[in-house]
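Notes follow once the structure below has been shown.
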Amino acid sequence: MATTRRPMMAANWKMNKTVVEAEQYMAALLPRVAGAEGVDVAVYAPFTSLPAVARMAEDSEVIPGAQNFYHEDSGAFTGEISAPMLLDLGIGSVVVGHSERREIFEESDDLVARKTGRALEAGLIPVVCVGETKEERDSGKMWGKVSGQVRAVVEGLGDVSAESLVFAYEPIWAIGTGDTATPDDAQDASDKIRNLLKELKGEDFASGVRILYGGSVKPENVGEIMSKPDVDGGLVGGASLKADSFIALVEEAQNHAS
Ligand code: PGA
């Protein structure tokens, strides 16, 4: 079953790049990934660069994505951006519950679940991030934390297809630290998440959902991580900021396409 999942390589720019820098990046990326068969390539840009990224990606296979949104469609929510606003720009996907949103901006499991539900309804592919801190891992609480995050999202879901959402296992201690989880750690967490999805939503759903790994992924380590059977790609911050480095990651992901 694992071979039927399409690998995905996702660039998470975080709070980086002006519009001009975003345009330069896309101009370098697009011709180089035009032939990337069998892999989904997504770029999660800051809101200000989304119009440029979406416009430039329009005639390509690259999925333009946002890093966050709010689950209400309009109204008195100062500073927020809604699903219809993203759809209006041609955005196809959105990161939900990134650990930086959870830790710095105090997004709760409940909020992450609402955002996931709204993204699905709107036809935006949510990339739902889960992961534990160093302290949680060291004190044997990794799975308690991650399973709670997955349950909060999945228990509220109606009838959705496995292709309509993506999970990203991102141990917080590995994000931006250079301290990558071992390929076995990534596999172990992904396998556990897949088994929980099976328990909650059945075998077909669980075997079809893509689970990415994120946390200090770079061209040198992505091959080994993606060779693990339950890891379907990467959500990449630092190593996605330069087009050349992200292109190398996409090329490696292609080696894992069926
Ligand atoms: P990193 O970030 O690749 O810089 O560790 C990954 C992420 O936070 O999505």
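First listed ligand is number 1; within each ligand, the first listed atom is number 1.
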Exercise. Assign the ring pair Tyr169 / Tyr213 to parallel, tilted or perpendicular, where the plane angle (0 to 90°) is split at 30° and 60°.
Key: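 Tilted: the ring planes of Tyr169 and Tyr213 meet at 30° to 60°.
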
Quiz item: With a 3.5 Å cut-off and no angle check, do the side chains of Asp109 and Gln149 form a donor-acceptor pair?
Solution: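 There is no such pair between these side chains.
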
Quiz item: Glu132 and Trp173: side-chain donor and acceptor closer than 3.5 Å?
Solution: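 Yes, Trp173 and Glu132 have a side-chain donor paired with an acceptor closer than 3.5 Å.
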
Quiz item: Is any side-chain N of the basic residue among Lys134 and Asp179 closer than 4.0 Å to the acidic one's carboxylate O?
Solution: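 Salt bridge between Lys134 and Asp179, a charged N being under 4.0 Å from a carboxylate O: no.
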
Atom pairs, nitrogen or oxygen, ligand 1 to protein, under 3.5 angstrom:
{"unit_1": "ligand 1", "atom_1": "2 (O)", "unit_2": "Lys14", "atom_2": "NZ", "d": "3.2"}
{"unit_1": "ligand 1", "atom_1": "2 (O)", "unit_2": "Gly237", "atom_2": "N", "d": "3.4"}
{"unit_1": "ligand 1", "atom_1": "3 (O)", "unit_2": "Gly237", "atom_2": "N", "d": "2.8"}
{"unit_1": "ligand 1", "atom_1": "4 (O)", "unit_2": "Gly238", "atom_2": "N", "d": "2.8"}
{"unit_1": "ligand 1", "atom_1": "5 (O)", "unit_2": "Gly176", "atom_2": "N", "d": "2.7"}
{"unit_1": "ligand 1", "atom_1": "5 (O)", "unit_2": "Ser216", "atom_2": "N", "d": "2.7"}
{"unit_1": "ligand 1", "atom_1": "8 (O)", "unit_2": "Lys14", "atom_2": "NZ", "d": "2.7"}
{"unit_1": "ligand 1", "atom_1": "8 (O)", "unit_2": "His98", "atom_2": "NE2", "d": "2.7"}
{"unit_1": "ligand 1", "atom_1": "9 (O)", "unit_2": "Asn12", "atom_2": "ND2", "d": "3.4"}
{"unit_1": "ligand 1", "atom_1": "9 (O)", "unit_2": "His98", "atom_2": "NE2", "d": "3.3"}
{"unit_1": "ligand 1", "atom_1": "9 (O)", "unit_2": "Glu170", "atom_2": "OE1", "d": "3.3"}
{"unit_1": "ligand 1", "atom_1": "9 (O)", "unit_2": "Glu170", "atom_2": "OE2", "d": "2.7"}

Self-check item: Side chain Glu61, main chain Asp40, donor-acceptor under 3.5 Å
Solution: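 Checking the backbone N and O of Asp40 against the side chain of Glu61, no donor-acceptor pair under 3.5 Å is found.
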
Quiz item: How would you list, by chain and number, every residue that makes a side chain to side chain contact (heavy atoms under 4.5 Å, CB included) with Asp244, sequence neighbours excluded?
Solution: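 Partners of Asp244 under the side chain to side chain contact (heavy atoms under 4.5 Å, CB included) test: Arg32, Ile247.
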
